[in-house]
Number of protein chains: 2
Amino acid sequence: MATGRTHRPATRSRGIPEATVARLPLYLRALTALSERSVPTVSSEELAAAAGVNSAKLRKDFSYLGSYGTRGVGYDVEYLVYQISRELGLTQDWPVVIVGIGNLGAALANYGGFASRGFRVAALIDADPAMAGKPVAGMPVQHTDELERIITDNGVSIGVIATPAGAAQQVCDRLVALGVTSILNFAPTVLSVPEGVDVRKVDLSIELQILAFHEQRKAGEETSAGPGTAPAVSTPATPATPAAPAAGAAPAAGPAGRSGKGGPDGDVPAVMPA
Amino acid sequence: MATGRTHRPATRSRGIPEATVARLPLYLRALTALSERSVPTVSSEELAAAAGVNSAKLRKDFSYLGSYGTRGVGYDVEYLVYQISRELGLTQDWPVVIVGIGNLGAALANYGGFASRGFRVAALIDADPAMAGKPVAGMPVQHTDELERIITDNGVSIGVIATPAGAAQQVCDRLVALGVTSILNFAPTVLSVPEGVDVRKVDLSIELQILAFHEQRKAGEETSAGPGTAPAVSTPATPATPAAPAAGAAPAAGPAGRSGKGGPDGDVPAVMPA
DNA sequence: ATGTCTTTGTGAACGCGTGCACAAAGATTG
DNA sequence: CAATCTTTGTGCACGCGTTCACAAAGACAT
């Protein structure tokens with residue numbers, strides 16, 4: 001999951017709940033597949049199964065868009081594809097810039113799922129002068145200096161940040177200053193943006209960490225009996241009071257020493273207090 | 001947002017809400033940054049700002065883990081890093097396989113954020129025999145035939161799928177059969193898995209689509225007046241009854257024509273079984 | 001035209017997550 | 001030791017999202 005809506009407390013834009021908006025692309029994908037198989041209509045039950053959701057939820061979601069179904073029959077696939085596309089704004093062309101052409105940026109540039117949904121990669125930007133001119137995904141990488149010209153010339157309003165964490169905020173600020181109002185952030189940092197700018201983030205390692213949590217829980221349940229977290233580790237309830245005081249000794253031995261190392265990003269200490 | 005927990009209706013494992021679990025990695029990242037700057041303690045206010053959340057929410061989240069703060073002072077950074085790491089299961093080593101070494105798979109293999117969090121890339125797998133032996137991220141790509149040996153030898157319980165959509169379910173089934181119980185899916189498909197297997201998905205294009213929705217809404221608001229979706233388009237309320245019948249005509253004119261084209265998309269399978 | 005059968009659309013209940021606001025707890029100062 | 005100040009931990013209320021369950025609507029058969 002790419003998590004994270006930032007700002008805009010409970011945006012229920014035009015009556016369509018955020019949760020529903022987040023599912024529309026899923027329905028669209030399932031519908032597109034049906035469309036390619038020339039399936040004329042689907043029931044909410046079938047479509048829900050294809051999209052991996054509850055059928056009641058799907059019907060309620062669609063009810064926010066209007067009454068597009070026919071009782072006793074189901075939904076017309078083509079028509080629904082069009083309605084959802086329009087609702088999501090995919091009937092128009094969205095020029096996009098990708099900033100930071102490292103491994104991930106290059107992968108994004110090559111990703112077919114963008115172009116097929118109306119997202120046109122207008123430019124690939126990188127701060128490294130050595131990258132300039134290099135072709136990635138059949139398109140020359142351009143230097144950051146070109147950013148302003150590119151964005152204004154193409155009318156770009158959506159930017160993708162795939163830079164290292166350290167550069168992300170700076171890039172973000174520049175994009176926003178140039179009029180970009182939607183940002184998809186792959187850098188592991190919290191971006192601060194002014195009111196009116198939407199940020200969504202995708203953090204690859206966060207997803208793995210969430211899986212690890214559940215994995216640990218599963219392993220713990222089958223190994224030992226109780227609901228304990230890790231087997232053979234003291235329960236988390238105990239070290240309440242001694243926490244803060246005891247911690248004073250920690251930095252000496254532990255992770256503080258690691259802070260010198262220039263790792264790829266933040267990480268977990270090898271040794272810990274208490 | 002990489003969204004998407006599948007299965008497990010309302011998993012509140014061991015009393016820690018899912019929403020809280022999803023935020024722990026964020027806190028951890030912020031705390032690690034503080035740790036590297038040798039900051040000894042933080043208040044909930046400061047940490048919340050660094051993690052991009054509400055301070056009340058943060059305190060409540062931490063309260064599920066136990067009472068790790070000191071009133072009037074704040075939280076001990078090192079200690080909290082340890083507690084969260086342990087809770088997430090990051091104090092142990094998680095061998096991971098990445099299946100599908102295309103652009104994205106290669107980017108994932110090179111991503112530093114995994115290794116630094118206790119995730120060890122045990123192997124890179126690809127179905128293409130031509131890829132076998134090629135070094136990616138300083139590690140030879142191995143053929144799918146090796147999958148069983150690799151997984152059992154390394155005790156892999158987490159798999160990352162970065163294959164084209166068409167191959168994802170098949171790969172998933174094989175992983176599950178070999179004992180993998182957590183899957184991070186980058187392929188744009190809904191994976192069906194048996195009870196007890198966790199799937200999280202990251203769909204790059206979904207995030208962009210959600211941004212496009214909001215972007216369209218923003219544009220619509222400033223251009224025309226009303227809360228209408230796209231300017232100069234009939235409101236969605238009208239075509240209620242004629243929806244299904246009229247839909248037959250829709251594909252001709254509208255974007256429905258798009259369905260025919262077999263895009264460069266890695267996305268929807270061109271053909272698929274019923 | 002009438003009745004039956006299928007499937008939508010939605011009212012209502014429930015549960016989770018969020019945020020407020022404050023009491024309790026400890027540090028700190030005089 | 002008492003008073004004050006800071007910050008945590010949480011009870012409570014509210015709103016969003018999910019799910020159930022059913023009436024309304026239309027297709028289809030007779």
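No hydrogens, no waters, no symmetry mates; every other heavy atom, side chains included, goes into these values. Note on naming: letters A, B, ... go to the chains in the order of the sequence lines (proteins, then strands), and numbering restarts at 1 for each one. Model, not experiment: these values are computed from the prediction.
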Sub-3.5 Å pairs of nitrogen or oxygen atoms, protein against nucleotides 11-13 of chain D:
from   : atom 1 : to    : atom 2 : distance (Å)
D/dG11 : O6     : B/K60 : NZ     : 3.2
D/dC12 : N4     : B/K60 : NZ     : 3.2

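- For D/dT8, its base sits under 3.5 Å from the side chain of B/R71 at one donor and acceptor pair at least.
- Between B/D76 atom CG and D/dT8 atom C1' the separation is 15 Å, expressed in whole Å.
- Comparing C/dG9, D/dT10, D/dA27 by their closest approach to the side chain of A/S67 singles out C/dG9.
- Taking CD from B/E207 and CG from A/N185, the interatomic distance works out to 11.5 Å, rounded to the nearest 0.5 Å.
- Taking atom CG of residue B/L65 and atom P of nucleotide D/dT8, one finds them 15 Å apart after rounding to whole Å.
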Legend entry - Derivation of the side chain to side chain contact (heavy atoms under 4.5 Å, CB included) call for B/T32 and B/E36: CA-CA 6 Å; B/T32 306; B/E36 285 174 359; 4.0 Å; yes
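- Here C/dG17 is the nucleotide among D/dA27, C/dG17, C/dA21 with the atom lying nearest to any side-chain atom of B/P17.
- Rounded to a whole Å, the CG atom of A/N54 is 6 Å from the P atom of D/dC20.
- Put simply, CG on B/D61 is 10 Å from C1' on C/dG17, counting in whole angstrom units.
- If you look at B/Y68 and B/F62, their ring centroids are not closer than 6.0 Å.
- Looking at every heavy atom in both residues, A/V190 comes nearest to B/A50 through CG2-O, 3.5 Å.
- A heavy atom lying under 4.0 Å from DNA chain D marks none of the residues of residues 42-51 of chain A.
- Closest contact between the side chain of B/A56 and the listed nucleotides D/dC20, C/dA21, C/dA27 involves C/dA21.
- For B/L80 and D/dT8, the CG to C1' distance is 13 Å, given to the nearest whole Å.
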Inset, instruction - Applying side chain to side chain contact (heavy atoms under 4.5 Å, CB included), run through B/I210 and A/R200 and close with a yes or a no. - result: CA-CA 9 Å; B/I210 297 172; A/R200 294 190 67 87; 3.5 Å; yes
Inset, instruction - Check step by step if side chain to side chain contact (heavy atoms under 4.5 Å, CB included) holds for B/I158 and B/L184. - result: CA-CA 8 Å; B/I158 301 180; B/L184 180 53; 5.7 Å; no
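- B/L88 CG to A/L208 CG: the interatomic distance, rounded to the nearest 0.5 Å, is 11.5 Å.
- One atom, CD of A/E18, and another, C1' of D/dC16, lie 12 Å apart when rounded to the nearest Å.
- Checking each of A/R117, A/R29, A/R23 against B/D203 for a salt bridge (charged side-chain N to carboxylate O under 4.0 Å, His left out) leaves exactly one that passes, namely A/R29.
- Among the atoms of the strands shown, only primed sugar atoms or phosphate atoms (P, OP1, OP2) are found under 4.0 Å from some heavy atom of A/Y75.
- The NZ atom of B/K57 sits 19 Å away from the P atom of D/dC14 (whole-angstrom rounding).
- Of the residues near DNA chain D, A/T20 and A/G72, the one whose nearest nucleotide (by heavy atom distance) lies more toward the 5' end is A/T20.
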Inset, instruction - Walk me through it: do A/K201 and A/L191 pass the test side chain to side chain contact (heavy atoms under 4.5 Å, CB included)? - result: CA-CA 9 Å; A/K201 66 174 183 297; A/L191 293 180; over 6 Å; no
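- If you measure from atom CG of B/L58 to atom P of D/dT8, you get 9 Å, rounded to the nearest angstrom.
- Using modelled atom types, one finds a donor on one side chain and an acceptor on the other under 3.5 Å when comparing A/T20 with A/D61.
- Between A/R23 and the phosphate of D/dT18, there is a side-chain N or O to OP1/OP2 separation shorter than 4.0 Å.
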